[in-house]
Amino acid sequence: MKVLVFNCGSSSIKFQLFSMPEGDVIAKGMVQRIGEKGSDASMKRGNDEIKLVREIKDHTEGLSVIEHMLTDPAKGAVKSMDEIGACGHRVVHGGEGFTASMLIDERVEKVIEEYCDLAPLHNPPNLTGIREAKKFLPSVPQVACFDTAFHQTIPETAYLYALPYELYEKFKVRRYGFHGTSHRYVAERGAALLKKPFDQFDAITCHLGNGCSMAAVKNGKCVDTTMGLTPLEGLVMGTRTGDFDPAIIFYLERKGYSLDDVDTLCNKKSGLLGISGVSNDVRDLEEKAAKGEGRAALALEIFAYRIRKYIGAYLAVLNGANAIIVTGGIGENGPIMRKRIFSGMEKLGIILDASKNTASVKEGEIQASSSAIKLMVVPTNEEGAIARDTYAIATKK
């Protein structure tokens with residue numbers, strides 16, 4: 001079966017076409033800068049590539065462009081969209097309604113729409129992707145895979161905030177967590193690499209990219225995660241604050257900041273960018289830190305410190321762990337940052353092997369032989385996980 005996977009962001013659409021159940025990628029591509037000048041689209045299939053530079057005014061038009069690329073007579077991946085047997089969609093926020101990927105019906109669409117307030121940059125384009133895909137793939141199963149689903153096993157003690165309980169009852173104010181598809185994939189993969197049953201696997205998973213989050217996984221189930229009601233809480237990120245004293249909001253309001261000002265400041269002007277003043281990209285900051293730029297070095301140290309602090313907290317939550325797994329652009333490709341993170345935790349049984357860490361690690365262990373806890377690099381594959389869930393649901397009898 002050919003399974004098409006969509007990941008619709010605020011100004012982009014990523015897509016991959018899989019052959020299932022093998023999991024082979026037939027074609028993949030993206031549409032980017034939607035609604036902006038210089039928008040473009042591209043698709044690769046083997047050695048063939050299609051590139052289009054044209055105005056793409058909205059997600060509806062973007063999905064139409066993808067359909068044309070997939071069916072291009074010369075370089076397309078299918079002769080007709082009728083060859084596609086199922087379609088999977090990444091959806092950021094599913095609230096408490098879903099603990100797993102779901103076949104999309106009116107009820108599922110309604111819940112996705114209800115949570116647009118909590119994920120305003122993601123749920124609306126996710127929903128557009130679903131509705132447009134139903135138009136040009138009207139007879140195939142459409143499946144929603146929720147970033148929040150893996151975290152729905154978190155107990156009340158971890159997901160409730162110490163606010164008046166009525167705020168949870170009325171407005172469902174609680175910790176939800178995100179990056180769940182990535183955390184689940186790398187935890188399952190880590191257990192498989194260590195040849196350990198997933199339901200007996202305890203791990204701390206670290207998704208480190210421009211957005212960052214961690215999860216504590218006990219016996220294959222998530223029991224805590226760093227992101228909260230929204231993706232703002234937790235680790236220092238590219239442009240997001242992560243944890244901070246909420247009274248700062250009241251203080252800034254009295255200094256003349258509006259709520260919109262603070263929202264923009266916390267989500268788009270903080271994190272690595274806010275501390276360094278120059279970049280939200282770890283690679284840029286490492287270059288500048290090597291040249292003696294103090295604030296760049298400070299940003300990197302704060303970033304690593306916050307991760308180490310949560311590792312300590314989650315080791316306490318789990319009462320130890322089989323493995324700590326890093327993934328995402330920084331986790332997979334950042335040996336210098338991995339060294340910063342895993343330094344100074346020898347008494348916790350966390351000891352990095354410097355040579356393994358600096359080698360070209362694509363997937364595998366990077367701990368020293370004396371380390372009590374496995375340290376692993378596992379590339380994430382969210383689209384592959386979505387394709388797998390979509391295939392399973394589409395073929396379920």
Side-chain angles (χ1 to χ4, degrees), residues 5-15 30-36 56-63 66 87-135 142-152 154 159 161 163 167-182 210-211 213 225-234 237 239-241 249 258-268 382 386 389-390:
V5 171
F6 285 121
N7 181 350
C8 294
S10 57
S11 62
S12 67
I13 307 170
K14 297 177 183 177
F15 68 96
M30 70 182 301
V31 179
Q32 56 187 347
R33 301 185 187 91
I34 294 171
E36 303 174 19
I56 300 170
K57 66 178 185 294
D58 54 29
H59 284 72
T60 300
E61 188 172 340
L63 287 157
I66 291 170
C87 188
H89 301 265
R90 179 199 178 203
V91 179
V92 166
H93 216 311
E96 292 184 315
F98 306 107
T99 59
S101 299
M102 294 289 293
L103 190 68
I104 296 170
D105 56 17
E106 288 185 9
R107 181 182 73 89
V108 173
E109 284 192 39
K110 184 178 179 182
V111 172
I112 295 169
E113 192 163 20
E114 287 173 357
Y115 280 92
C116 283
D117 283 349
L118 292 181
L121 295 179
H122 296 93
N123 270 35
N126 295 161
L127 194 58
T128 298
I130 289 167
R131 288 170 173 167
E132 292 302 315
K134 287 169 67 175
K135 292 178 183 177
Q142 307 276 338
V143 174
C145 301
F146 299 93
D147 274 7
T148 48
F150 182 58
H151 303 305
Q152 284 301 298
I154 293 174
Y159 75 64
Y161 294 111
L163 293 165
L167 294 178
Y168 170 65
E169 292 178 308
K170 289 182 179 179
F171 307 118
K172 297 301 179 186
V173 174
R174 52 158 288 180
R175 178 182 310 283
Y176 289 101
F178 301 90
H179 296 140
T181 304
S182 176
N210 191 50
S213 65
T225 190
T226 55
M227 284 181 167
L229 177 74
T230 75
L232 185 62
E233 188 179 358
M237 303 175 225
T239 63
R240 295 182 190 135
T241 58
I249 296 172
S258 70
L259 282 178
D260 286 341
D261 291 337
V262 177
D263 190 341
T264 300
L265 183 148
C266 291
N267 280 288
K268 297 180 179 179
E382 292 170 285
I386 293 170
D389 284 5
T390 300

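Bear in mind the structure is a predicted one, so any value in this text is a computation, not a measurement.
Below 30°, between 30° and 60°, or above 60°: for His93 and Tyr115 the angle between ring planes is below 30°, a parallel geometry.
Met30 and Ser12 make their closest contact through CE-CB, 4.3 Å (heavy atoms, listed as atom of the first residue, atom of the second, distance). Gly177 and His151 make their closest contact through C-CD2, 3.3 Å (heavy atoms, listed as atom of the first residue, atom of the second, distance). Scanning both residues, Glu132 and Leu63, for their nearest heavy atoms gives CB-CD1, 3.3 Å. Ala144 and Val91 get closest at one heavy-atom pair: CB-CG2, 3.9 Å. The shortest heavy-atom contact between Val173 and Tyr161 is CG1-CD1, 4.2 Å.
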Intermediate values then yes/no, side-chain contact (heavy atoms from CB on, under 4.5 Å), Val143 and Ile104
CA-CA 5 Å; Val143 174; Ile104 296 170; 5.6 Å; no

Can Arg90 and Asp147 be said to form a side-chain contact (heavy atoms from CB on, under 4.5 Å), step by step?
CA-CA 7 Å; Arg90 179 199 178 203; Asp147 274 7; 2.6 Å; yes

Step by step, work out the side-chain contact (heavy atoms from CB on, under 4.5 Å) result for Thr390 and Cys145.
CA-CA 8 Å; Thr390 300; Cys145 301; 4.3 Å; yes

Check step by step if side-chain contact (heavy atoms from CB on, under 4.5 Å) holds for Phe146 and Val108.
CA-CA 11 Å; Phe146 299 93; Val108 173; 4.0 Å; yes

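Atom CG of Asn126 is separated from atom NE2 of His59 by 8.5 Å, given to the nearest 0.5 angstrom.
Within the 4.5 Å cutoff, the side chain of Asn7 has no heavy atoms near those of the Phe15 side chain. Counting heavy atoms from C-beta outward, Ile13 and Ile66 have side chains that approach closer than 4.5 Å. Within the 4.5 Å cutoff, the side chain of Val92 has no heavy atoms near those of the Thr148 side chain. Residues Leu118 and Tyr176 are in side-chain contact: their nearest non-hydrogen atoms beyond the backbone lie under 4.5 Å apart. The closest side-chain heavy-atom distance from Ser11 to Glu36 is below 4.5 Å.
Using a 4.0 Å cut-off between a side-chain N of Lys or Arg and a carboxylate O of Asp or Glu, Glu113 and Lys110 do not qualify as a salt bridge. A salt bridge links Lys134 to Glu109: one of the charged nitrogens lies within less than 4.0 Å of a carboxylate oxygen. The residues Glu233 and Arg240 are annotated as not salt-bridged, no charged nitrogen and carboxylate oxygen being separated by less than 4.0 angstrom.
Side-chain atoms of His89 and Gln142 include a donor-acceptor pair closer than 3.5 Å.
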With a cut-off of 3.5 Å and sequence neighbours excluded, list every side-chain donor-acceptor pair involving residues 259-267.
{"from": "Asp261", "atom 1": "OD1", "to": "Ser258", "atom 2": "OG", "distance (Å)": "3.4"}
{"from": "Asp261", "atom 1": "OD2", "to": "Ser258", "atom 2": "N", "distance (Å)": "3.0"}
{"from": "Asp261", "atom 1": "OD2", "to": "Ser258", "atom 2": "OG", "distance (Å)": "3.1"}
{"from": "Asp263", "atom 1": "OD1", "to": "Asn267", "atom 2": "ND2", "distance (Å)": "2.8"}
{"from": "Thr264", "atom 1": "OG1", "to": "Asp260", "atom 2": "O", "distance (Å)": "3.1"}
{"from": "Asn267", "atom 1": "ND2", "to": "Asp263", "atom 2": "O", "distance (Å)": "3.2"}

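Among residues two or more places apart in sequence or in another chain, the side chain to side chain donor-acceptor pair (under 3.5 Å) test is passed with Glu382 by none.
Heavy-atom neighbours of Glu106 CD from other residues, nucleotides or ligands within 6.0 Å: at or below the threshold of 12.
By the 6.0 Å and 45° rule, Lys170 does not stack over the aromatic ring of Tyr168. Judged by the 6.0 Å and 45° rule, Arg174 forms a cation-pi pair with Tyr159.
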